[in-house]
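For the numbers below, each heavy atom of this structure counts, side chains included, while hydrogens, waters and symmetry mates do not. Counting starts at 1 for both ligands and their atoms, in listed order. Numbers for residues simply follow the sequence, beginning at 1.
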Amino acid sequence: VSTRRLDSIDSIDHLSGQLTVGSGATLGDVQRHAAAAGWEYGVDLAARDTATIGGTVATNAGGIRVIANGMTRAQLVGIEAVLADGSVISHLGGMLKDNTGYDLASLLCGSEGTLGIITAVRLRLHRPAGATSVGFIGVSSYADALSLVEVARSGGARVLAAEILDETSMDRVCEAFNLPWPFRARVPYALLFELADGGDGSGFENLAEHPAVLGDLVVALQARDRERLWEYREKQAEAFSELGVFHNLDVSVPLPRLAECAEQLRAQAAAMPGVIAYGVFGHLADGNLHVAIVDGDPDSYAVDRAVLECVARFEGSISAEHGVGRVKAAELHLCRTPAEIGAMRSIKAALDPAGLMNPGVIFS
Ligand SMILES: Cc1cc2nc3c(=O)[nH]c(=O)nc-3n(C[C@H](O)[C@H](O)[C@H](O)COP(=O)(O)OP(=O)(O)OC[C@H]3O[C@@H](n4cnc5c(N)ncnc54)[C@H](O)[C@@H]3O)c2cc1C
């Protein structure tokens, strides 16, 4: 099923700050439509020009603005969808307060196409945060990186993004795209902040002198320079995937245990036989790590399973953003109890008794 032609974008309801769009419109189209009318859509990710709004809702996509706006579910006011029996549910009136029974929009959001086909959504928009500065900071540990997120938050500027990249991820992207190492000295971790500070770099003033900052602080004020710093983060997947079979694990861990888990994942990846390259990077403040491991074996799932089992030992989630799909369906029990999986299966059986919608997805 393709939803690409369901690409209508209605005019913005300025009174409520909401917008109704067809599920086939791309995320980029919605962002541009909102921006042209003085608004902002709260979700952003590197696949913006290929990902459809329906796809981002079906996967409850996160991305680089979760720290500021929450995930896709937090932007969703209403939904229209076709269920397995052909009935159409439509609730696009845009009421923020509506406690009449189950919230079907939230239920379908993140259901990965297993409960119905989303055809349109009603989205909440935000007022733009204004001009921003982007800064790259070297730190020696995850603990220091997390303490700097707190420092940034306590300053006057709103934190729009807080991303972390370890040394091997930085080396990989520099090598793949011929980018210069951005600091004067080597650092074990690079922390990328985007702050809504009027675009003059003032948001970084209380960070510059902080003892957790290793060496120099690189701040970009111009649009082109901001993009250049973001390249180190946004090109990570591409940088790893060109080397061989790319295992791209997307996990989350409770923040107090993040540092320990990340170190264990790195050590584990380094010790795996046949590994060509590895790195850990991700959305720091959300506790969301992307574990990139490249090897040469197209049939190997052992690498993935080892990462997911490690994350489960830290009581994390085996899928922070990308969903369970078919590949991780057999591992759902690592982070969901039998009672939870039983309740989910009951919902699936009630709405799709013949199992027509994305069979094999989420449940093995
Ligand atoms: C370079 C890159 C960077 C990315 N970065 C991030 C990131 O930072 N954060 C993040 O969360 N994700 C990220 N993603 C994943 C991204 O969220 C998904 O690719 C996107 O949300 C899916 O949109 P799509 O239209 O491509 O859906 P597809 O990939 O086509 O589908 C995804 C799933 O949703 C289902 N689906 C799609 N449309 C509908 C619909 N209308 N109704 C019901 N089910 C539907 C499909 O059946 C499938 O199960 C990234 C992807 C890429 C390629």
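Nearest protein heavy-atom neighbour of atom 41 (N) of ligand 1: I118 O, 3.0 Å. Of all protein heavy atoms, the one closest to atom 11 (O) of ligand 1 is G62 N, 2.8 Å. Nearest protein neighbour of atom 35 (C) of ligand 1, counting heavy atoms only, is A58 CB, 3.8 Å. Protein heavy atom in closest approach to atom 10 (C) of ligand 1: E321 OE1, 3.3 Å. For atom 15 (C) of ligand 1, the closest non-hydrogen atom on the protein side is H322 CD2, 4.2 Å. What sits closest to atom 43 (C) of ligand 1 on the protein, heavy atoms only, is G116 O, 3.4 Å. Of all protein heavy atoms, the one lying nearest to atom 28 (P) of ligand 1 is G55 CA, 5.0 Å.
Of the charged side-chain nitrogens involved, at least one lies within less than 4.0 Å of a carboxylate oxygen, so that E150 and R153 count as a salt-bridged pair. Looking at E231 and R226, no side-chain N of the basic residue comes within less than 4.0 Å of a carboxylate O on the acidic one, giving no salt bridge. The pair R186-E167 counts as a salt bridge, with a side-chain nitrogen and a carboxylate oxygen less than 4.0 angstrom apart. Electrostatic pairing of R224 and E227 counts as a salt bridge here, judged by a charged N lying under 4.0 Å from a carboxylate O. R172 has a carboxylate O that lies under 4.0 Å from a charged side-chain N of E175, or vice versa, which qualifies the two as a salt bridge. Between D103 and R73, none of the side-chain N atoms (NZ, or NE/NH1/NH2) sits under 4.0 Å from a carboxylate O, so this pair counts as no salt bridge.
Of the residues listed (M95, R122, R124), the one engaging S16 in a side chain to side chain contact (heavy atoms under 4.5 Å, CB included) is R122, and it is the only one. With P188 as reference, L214 is the one residue of L214, D144, D166 to meet the side chain to side chain contact (heavy atoms under 4.5 Å, CB included) rule. When each of R65, R233, R158 is paired with E194, the salt bridge (charged side-chain N to carboxylate O under 4.0 Å, His left out) condition holds for R65 and for no other.
At a 4.0 Å heavy-atom cut-off, ligand 1 touches T52 through backbone and side chain alike. Using a 4.0 Å cut-off between heavy atoms, E238 makes no contact with ligand 1 at all. Contacts between L45 and ligand 1, counted as non-hydrogen atom pairs separated by less than 4.0 Å, involve the side chain only. Both the backbone and the side chain of A51 come within 4.0 Å of ligand 1, judged by heavy-atom distances. No part of T119 comes within 4.0 Å of ligand 1, judged by heavy-atom distances. Both the backbone and the side chain of T56 come within contact range of ligand 1, each with a heavy atom under 4.0 Å.
Set against the non-hydrogen atoms of G113, the atoms of ligand 1 under 4.0 Å away are 43 (C), 44 (N).
For atom 18 (C) of ligand 1, the protein comes within 4.0 Å by no heavy atom at all. The protein does not reach atom 30 (O) of ligand 1 closely, with no heavy atom under 4.0 angstrom from it.
The option from N358, V82, V324 that lies nearest to atom 47 (O) of ligand 1, judged by heavy atoms, is N358. Remark: among candidates L6, D44, T59, the nearest residue to atom 32 (C) of ligand 1 is T59, based on non-hydrogen atoms. Comparing A46, A47, S2, G54 against atom 50 (C) of ligand 1, the shortest heavy-atom distance belongs to A47.
In the hydrophobic clustering of this structure, L289 groups with V303; members are Ile, Leu, Val, Met, Phe, Trp, Tyr whose side-chain heavy atoms approach within less than 4.5 Å, directly or through other members. Hydrophobic clustering, with ILVMFWY side chains joined whenever heavy atoms are under 4.5 angstrom apart, keeps L6 apart from L123.
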